[in-house]
Amino acid sequence: MVGQTKEKDIISSMLKVFKICEDHQIQSVSFPALGTGAGNLCAVDVGNAMVTAVEEHIKMTKTPSLKDVHIVIFQTNMFQDFWKSINKSKISAPQGGAVAPTQQPFMCLASACGDVSFPKVEVEVLGCRSSDLANVKKLVDDLVTNELKLLQISSPYLALLLPSEKQAIVALSRSLQVCVSLSAPDKATVSGKEADTLTMVLQIEKDLQKAKERATRQEEEKRLWKTVRWEVCDREAWAELDPSVSLDLEHALHKKEQRISYTLQNQTYTVNLDKMERTDRNGTIARIKRTLKAGSEIAVIEPPTIWDRMDDKTLKIVDLCPTSEQYKKVQANFLQTSKDPNTATSTTFTVVKIQRIQNKDQWQRYAVKKQMLDKKYPQNTNQVDLYHGTTAEICLKVNSNGFNRSFCGRNATFYGNGTYFAKQSWYSCNDTYSNPDAQGLKYMYQARVLVGKPCLGTPGMVEPAPLDPNNPYSGLHDCAVNNVQNPFIYVVFSDAGVYPDYLISFKAS
């Protein structure tokens, strides 16, 4: 697509990309301003061609999976030319298919704020001596400086503000006579009289919170779309519901609600989740269905009930109170198995701190995999609590991203190239696995591990052995162990099959 020099070539190239998106059920795609660089085409012609390609795709595709088409423009002077092309278009959603989002005119906040003018005051001071004039000038400068308040705002959500929110910011800037300037897409400076500046900053922060909530919901909609689809029967053909509606339906299903209402394109619908029917305001009833795209029975996974509230955070590290039941239980299990039964004089340990790891993304992956395993082996104990010794440096990575098999081989690979866990803590207390830091602190995870049906581990193993060596379609075991009859060491080859529940910081007494 690089270097297109004709409008028809731009349209053709974009349509090919759209087809690839539909083939792979991609929801969002981004394009640069094709042909405006090496192609030497003017922005208006390129904008017309790109909008035409979008319109052609909508006409040709009955129920597109593609929901968002982004055109990325780096040159400020091109914005208006492209927006004129988009504003003249007749882009609309196909009947019975996905709903195109309501378009709002593009608005560059940096440019709009820069265009705000403020009244200027000129002060003339007359005097007999230059020293007196200098003193007066200093007094005036000091008064202005004392009144002036300058505050910085840094947020990635500045770029996600709606045009209406940007317009409100510009209008408030003008009415309060407060200067708002953007030095980068995620950095703003607000300056003016202190009270007015604080009012301006509070309004911007409210808008940023709204933008953050919208972005969080969009991410949740995308995650849901990968696992489940809600559809409605429209004239004997199934059409996917809007992702936002699908998310609301999934939440209602998980909460065991019988009915839910929603409004879309000025039409109000009521869904009966028991009968799986949707009724519009005219009483017309249509069937709905929920289709799983993955093995989970419930696509929206709720976090453990013991977790603290996280709001819109994806990661939270909670220091447990030493007097809490949770702390006492984890500590007791750790200490009870911390003495090496193979030595007469084993080291004793003292727990310094226990932290609960609350990571929404990791939990989602783990919970879906557990549901699949429980469905596969309903009579098995598929999950066990095991221990994994580590270092302070790797703790940060595990807390954020989970266990990673690429670290295997750091200590041993005797039972395979996976992540190793022990049934009792004494094994992981060894300095080989939980090497103390400069303060003598050692680190160990109590983790939830999906073991399912284990096989015997062997050196160099990169995945569990087949369930039936004579049948390549039988699938694989779920992990490897040192002893199938009485396992003590477990080796996991799927990073999603482990969740780091608690991080225990301890010392040798």
Side-chain angles (χ1 to χ4, degrees), residues 223 301 303-304 306-308 310 313-320 326-327 329-331 333-334 337-338 349 351-370 373 383-413 415-451 457 462-463 478-480 489-507:
R223 189 166 58 223
I301 302 293
I306 58 173
W307 278 17
D308 286 1
M310 297 181 67
K313 294 179 181 177
T314 57
L315 173 64
K316 187 174 184 179
I317 311 298
V318 180
D319 290 348
L320 298 186
Q326 205 175 150
Y327 186 102
K329 182 179 178 181
V330 175
Q331 177 182 242
N333 290 338
F334 169 80
T337 64
S338 64
F349 298 99
V351 173
V352 177
K353 180 167 62 174
I354 298 176
Q355 295 170 299
R356 185 175 61 240
I357 313 303
Q358 298 184 184
N359 188 311
K360 284 184 180 178
D361 292 337
Q362 282 194 60
W363 180 256
Q364 176 84 13
R365 293 191 296 269
Y366 175 82
V368 169
K369 189 169 182 65
K370 183 179 183 299
L373 199 59
Q383 173 185 281
V384 293
D385 290 335
L386 301 173
Y387 295 99
H388 178 90
T390 187
T391 64
E393 179 187 4
I394 293 180
C395 283
L396 300 174
K397 298 176 181 178
V398 173
N399 291 348
S400 298
N401 306 309
F403 291 97
N404 191 327
R405 284 165 293 165
S406 65
F407 296 139
C408 77
R410 197 168 57 91
N411 297 312
T413 58
Y415 299 108
N417 297 350
T419 307
Y420 281 61
F421 297 87
K423 192 174 182 178
Q424 297 181 349
S425 62
W426 65 263
Y427 189 87
S428 299
C429 285
N430 191 303
D431 284 355
T432 303
Y433 309 116
S434 52
N435 191 35
D437 62 15
Q439 287 73 43
L441 270 180
K442 294 160 69 69
Y443 303 90
M444 186 183 303
Y445 284 101
Q446 179 186 306
R448 304 187 193 210
V449 182
L450 297 178
V451 297
V462 294
E463 64 179 10
D478 301 291
C479 71
I489 295 172
Y490 293 79
V491 185
V492 178
F493 300 90
S494 170
D495 297 334
V498 185
Y499 185 80
D501 234 354
Y502 300 99
L503 177 59
I504 304 167
S505 303
F506 61 105
K507 279 187 174 184

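Computed from heavy atoms alone, side chains included, the values below leave out hydrogens, waters and symmetry copies.
By the side chain to side chain contact (heavy atoms under 4.5 Å, CB included) test, Ser428 pairs with Tyr387, Ala422, Met444, sequence neighbours left out. In terms of the side chain to side chain donor-acceptor pair (under 3.5 Å) criterion, Gln331 has no residue partners (sequence neighbours excluded). Here Asp501 pairs with Arg448, Tyr499 under the side chain to side chain contact (heavy atoms under 4.5 Å, CB included) rule; sequence neighbours left out. Taking Tyr443 as the reference, nothing meets the ring pair (Phe, Tyr, Trp, His ring centres under 6.0 Å) condition, with sequence neighbours excluded. The salt bridge (Lys or Arg N to Asp or Glu O under 4.0 Å) check on Arg356 picks up Asp308, with sequence neighbours excluded. By the side chain to side chain contact (heavy atoms under 4.5 Å, CB included) test, Pro436 is found to be paired with Asp431, Lys442, residues two or more places apart in sequence or in another chain being considered. Listed by chain and residue number, nothing satisfies the salt bridge (Lys or Arg N to Asp or Glu O under 4.0 Å) test with Asp437 (two or more places apart in sequence, or in another chain). By the side chain to side chain contact (heavy atoms under 4.5 Å, CB included) test, Val462 pairs with Asn417, sequence neighbours left out. Residues satisfying the side chain to side chain donor-acceptor pair (under 3.5 Å) criterion with Asn333, sequence neighbours excluded, are absent altogether. Every residue two or more places apart in sequence or in another chain was checked for a ring pair (Phe, Tyr, Trp, His ring centres under 6.0 Å) with Tyr502, and none qualifies. Tyr427 is linked by a ring pair (Phe, Tyr, Trp, His ring centres under 6.0 Å) to Tyr433, Phe488, counting only residues two or more places apart in sequence or in another chain.
Val330 has its side chain within reach of Ile504: a pair of non-hydrogen atoms, C-beta onward, lies under 4.5 Å apart.
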Ignoring hydrogens and angles, write down the donor-acceptor pairs under 3.5 Å from the side chains of residues 489-497, residues two or more places apart or on other chains.
{"from": "Asp495", "atom 1": "OD1", "to": "Arg405", "atom 2": "N", "distance (Å)": "3.3"}
{"from": "Asp495", "atom 1": "OD1", "to": "Arg405", "atom 2": "NE", "distance (Å)": "3.1"}

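Note on ring orientation: taking the six-membered ring where Trp is involved, the planes of Tyr445 and Phe403 are perpendicular (angle over 60°, cut-offs 30° and 60°). Ring-plane geometry between Tyr420 and Tyr415 is classed as tilted, the angle between the planes lying from 30 to 60 degrees on a 0 to 90 degree scale.
Side chain of Gln362 to main chain of Asn399: a donor-acceptor pair is present (N/O by atom type, distance under 3.5 Å, no hydrogens or angles).
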Residue pair Ser425, Ser338: steps toward the side chain to side chain donor-acceptor pair (under 3.5 Å) verdict:
CA-CA 5 Å; Ser425 62; Ser338 64; 4.9 Å; no
